[in-house]
2 protein chains.
Amino acid sequence: MSPSAPRRVTIVDVARHAQVSTTTVSKVLRNAYGASPTARAKVQQAIAELGYRPSAAARGMRGQTYTIGVVLPDIRNPFFPEILDGVTERLRDTDYHVLLGPGGCEGEQAEAEVTDAMIDRGMDGLILVAPMAPRSRLDKVAGIVPTVVIGRHGHSAVYDTVVDDDITGARLVVDHLAGLGHSRIAHIEHHETDSARLAEMPNAIRAQGYRQAMRAHGLEADIVSTSYTQQGGYDGAKQLLARTNRPTAIFAGADIVAMGVLQAVAEAGLTVPGDISVAGYDNTTFAALGPISLTSVDQAGRQIGSNAARLLLDRIADRHTPSAQIKLSPTLIARSTTAPPPQ
Amino acid sequence: MSPSAPRRVTIVDVARHAQVSTTTVSKVLRNAYGASPTARAKVQQAIAELGYRPSAAARGMRGQTYTIGVVLPDIRNPFFPEILDGVTERLRDTDYHVLLGPGGCEGEQAEAEVTDAMIDRGMDGLILVAPMAPRSRLDKVAGIVPTVVIGRHGHSAVYDTVVDDDITGARLVVDHLAGLGHSRIAHIEHHETDSARLAEMPNAIRAQGYRQAMRAHGLEADIVSTSYTQQGGYDGAKQLLARTNRPTAIFAGADIVAMGVLQAVAEAGLTVPGDISVAGYDNTTFAALGPISLTSVDQAGRQIGSNAARLLLDRIADRHTPSAQIKLSPTLIARSTTAPPPQ
DNA sequence: CTGAAAGCGCTAACAC
DNA sequence: GTGTTAGCGCTTTCAG
């Protein structure tokens, strides 16, 4: 290849090659009204022959970049790829492309930087997955660029939301475990410091659903607050297992947390589900792995993603669409980490 | 918030507010030579007061976007986030931001689309992780934008590479197993159809390393070709276990493959490592999980990523830097899926 | 239905 | 050391 890149093919080259004006080329590119079939065909051919590709930067200066930004909180959580699949699938036959922010789960600050970077880069729309930003910040972002927020309960006039019914999800787990005969069912939650987020974050809602369900069964809630990470699950389980009257079942707020729990249980010389039952949340790919086979709550990540993408496209098409909230129902996938408690 | 976004603050606003020219503002933004400390301070203050953020689109039209694109083959493989961490860490204190392509592991076609989308969006540099594109394609991409390729063996004059020494990695596993007393050590590889890729893809190199190491120990190689997926591991193990004289150890070419192997072994009513030892490759997060505890080869993903980012920055600074190849040494992490063979 | 031309926000010559 | 200005490639009025 030549050492210095050859000049990019531009719309002008295409116009000249097709013997039409740049306006016509632009119209063809955007499927806009006002180009004759003949002109359209000539342009298509010129584009193919020259291998023309529109510059997103130039387009961005006039408004659209045909790019959707997705901000994930933590690439390691295997639940998020599911959402992403739903998004890309829904966007497949459109002119839009998806770009991901590296998330990095390094807190609000990092999340804000990534979001800003995406705005600076002219994203046509943003999908924020379980963001930790405060409401005011979300409203501000949504005021700048069409936004769909996944996983935050609570309504907004400026952005759409897609959430899983975490109250129901938590209840499914408690019902399942109680149905197996457990009464000492503990829950490991992600510790929430911010009181404003308390009402919106999925982790908080799950804990709330757990409490409600335990009460409904006449059982006493037992919550350990750590974080939605493997380490958090490990630490939480250590605490629970050290109790004199330890629980017979642990409901981890996320599969990744359950992984840490399983590890702590194994280290304690206990067996699952013989000595203790463990359930997760998210039904991630590794929940299904043979040697793990974790009972979990399935959130239908693909559908979450595909709904979010759909809402976003609507909002991009018309920014004044009234905001929508979609709530999806989870299902329980019982596998082999849950069983009746030991006698 | 106002329903329609307020006009963005531009460099002109900053210049007016700071009582300087746009040139000066631009220079300050780029830390370029030729702005007095006084002017610099005034501009900094104006930027802060107005909340100015440069438009990447406009910058893109003049060359730089301060954006690095990373193309991952499969977001689900927990090895890749490690690489990403290394990249972002190395880029932390620069003006660059990282954006990820959604990969989608849907083959060469999808990979090409993502790469093209990134080029169209004016990425300043690209990091391609274990791409499946043919050499000609990689050369072409690298001819357009500075590129670093991770995981492909084989040199190129136009792009830099960072690879793990897969020959050594495979040898470590064979040495370990042979040292435990195994002699019937089988390997499950990812079947490679393309002869051109055969010499470059990590899977092929691992198989080659396995063969060499077996020969060195005076043992006979026994390879099953499936794919680097859980299903591939499951199928491969099924074949191996059906043999009359079945292997006492299986070296899976990737951790995800080992997961399938463990499942097949469990289904066959055999125990690990009592009846059969299993080793993986990549030392992914789930290899360390308590209930799995898989012996695996650690590739030092962070360092791979950080080296790739460094090379890329060098290449962006000077496109005519001679290309570099960095090879990192893997280490073996022995866990509880490997033990001496049954008597 | 088509074309000419203005201008999006920024950078980099070039003049002062 | 600082300011003026010409584009980068595209979209979008506005005339024809």
Side-chain angles (χ1 to χ4, degrees), chain A residues 4-43 46-47 50-67 95 119-124 144-145 316, chain B residues 4-43 46-47 50-67 95 119-124 144-145 316:
Chain A
S4 59
R7 203 179 57 76
R8 239 187 117 96
V9 177
T10 76
I11 202 173
V12 179
D13 301 319
V14 175
R16 190 161 35 217
H17 194 86
Q19 318 243 50
V20 297
S21 72
T22 57
T23 311
T24 306
V25 177
S26 177
K27 282 182 173 165
V28 173
L29 287 176
R30 291 172 290 121
N31 292 311
Y33 173 82
S36 67
T38 326
R40 203 167 281 274
K42 279 197 293 185
V43 171
I47 288 175
L50 299 176
Y52 165 78
R53 300 194 54 103
S55 148
R59 287 182 141 183
M61 292 206 62
R62 304 306 257 108
Q64 293 200 71
T65 55
Y66 297 94
T67 314
D95 290 330
I119 294 173
D120 296 342
R121 281 155 187 75
M123 300 292 158
D124 291 341
I144 300 171
V145 54
I316 289 172
Chain B
S4 60
R7 201 180 57 76
R8 237 187 120 97
V9 178
T10 76
I11 201 174
V12 178
D13 302 319
V14 176
R16 191 162 34 216
H17 193 86
Q19 318 241 50
V20 297
S21 74
T22 58
T23 309
T24 306
V25 178
S26 178
K27 281 182 173 165
V28 173
L29 288 176
R30 291 173 291 121
N31 292 312
Y33 173 82
S36 68
T38 326
R40 204 167 280 274
K42 280 198 291 184
V43 171
I47 287 176
L50 299 176
Y52 166 78
R53 300 194 54 102
S55 149
R59 287 182 141 182
M61 292 207 62
R62 301 310 256 104
Q64 292 201 73
T65 56
Y66 297 93
T67 314
D95 289 329
I119 295 173
D120 295 341
R121 280 154 188 76
M123 299 292 157
D124 291 342
I144 299 173
V145 55
I316 289 172

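Proteins come first, then strands; the chains are lettered A, B, ... in the order of their sequence lines, and each starts at number 1. The shown structure was predicted, so the numbers you read here are calculated from the model rather than taken from an experiment. Keep in mind that the numbers below use all heavy atoms, side chains included, and drop hydrogens, waters and symmetry copies.
- Residue B/V20 is in sugar-phosphate contact alone, with no base atom involved, counting any heavy-atom pair closer than 4.0 Å across all strands shown.
- Using a 4.0 Å cut-off on heavy atoms, the residues of residues 9-19 of chain B that approach DNA chain C are B/T10, B/I11, listed by number.
- For the atom pair OG (B/S55) and CD1 (A/I119), the distance works out to 12.5 Å, reported to the nearest 0.5 Å.
- Annotation: of the two residues near DNA chain C, B/A58 and A/P37, the 5′-most nearest-nucleotide partner is A/P37.
- Residues B/Y66 and B/M123 have side chains not in contact (no heavy-atom distance under 4.5 Å, counting atoms from C-beta outward).
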> Yes or no on side-chain contact (heavy atoms from CB on, under 4.5 Å) for A/L29 and A/V14, after CA distance, side-chain angles and deciding distance?
Replying inline: CA-CA 11 Å; A/L29 287 176; A/V14 175; over 6 Å; no
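- Computed from coordinates, the A/R53 CZ to D/dC8 P distance equals 22 Å when rounded to whole Å.
- Straight-line distance from the CG atom of B/D120 to the P atom of D/dC10: 10 Å, rounded to whole Å.
- With 3.5 Å as the limit, one finds no donor-acceptor pair spanning the side chains of A/S26 and A/T23.
- Contact annotation: the side chain of A/R40 approaches that of A/N31 to within less than 4.5 Å [non-hydrogen atoms, C-beta and beyond].
- A close approach under 4.0 Å does occur between a side-chain nitrogen or oxygen of B/Y33 and OP1 or OP2 of D/dG1.
- Nucleic acid contact class of A/S26 (heavy atoms, under 4.0 Å, all strands): base.
- Residue-level contact check: A/A32 touches neither bases nor backbone, having no heavy atom under 4.0 Å from any strand.
- Note that CD1 of A/I11 is 5.0 Å distant from OH of A/Y52, once rounded to the nearest 0.5 Å.
- Across the interface with DNA chain D, nearest-nucleotide mapping of B/T22 and B/M61 shows B/T22 to be the residue nearer the 5′ end.
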> Which is it for B/V28 and B/V20 under the side-chain contact (heavy atoms from CB on, under 4.5 Å) test, yes or no, and what are the steps along the way?
Replying inline: CA-CA 11 Å; B/V28 173; B/V20 297; over 6 Å; no
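- Nucleic acid contact class of A/R30 (heavy atoms, under 4.0 Å, all strands): base.
- Within 4.0 Å of B/A35, counting heavy atoms only, lie sugar-phosphate atoms of the nucleic acid but no base atom.
- Using modelled atom types and a 3.5 Å distance limit, the side chains of A/D124 and A/T65 yield a donor-acceptor pair.
- Within the model, atoms CG of A/D95 and CZ of A/R30 stand 11.5 Å from one another, a figure rounded to the nearest 0.5 Å.
- For D/dG9, neither phosphate oxygen OP1 nor OP2 lies less than 4.0 angstrom from any side-chain nitrogen or oxygen of A/R8.
- The distance from atom CG of A/N31 to atom C1' of D/dT11 is 15 Å, rounded to the nearest whole Å.
- The existence of a salt bridge linking B/D120 and A/R8 is confirmed by a sub-4.0 Å separation between a basic side-chain nitrogen and an acidic carboxylate oxygen.
- The CD-C1' distance, from B/Q64 to D/dC8, rounds to 14 Å in whole Å.
- Taking side-chain N and O atoms only, B/S21 has a distance below 4.0 Å to OP1 or OP2 of D/dG3.
- Computed from coordinates, the B/K42 NZ to D/dG1 P distance equals 14 Å when rounded to whole Å.
- When DNA chain C is scanned 5' to 3' for any atom under 4.0 Å from a heavy atom of chain B, the first and last hits are C/dG9 to C/dA13.
- Across all strands, B/T23 comes closer than 4.0 Å to base atoms (heavy-atom distances).
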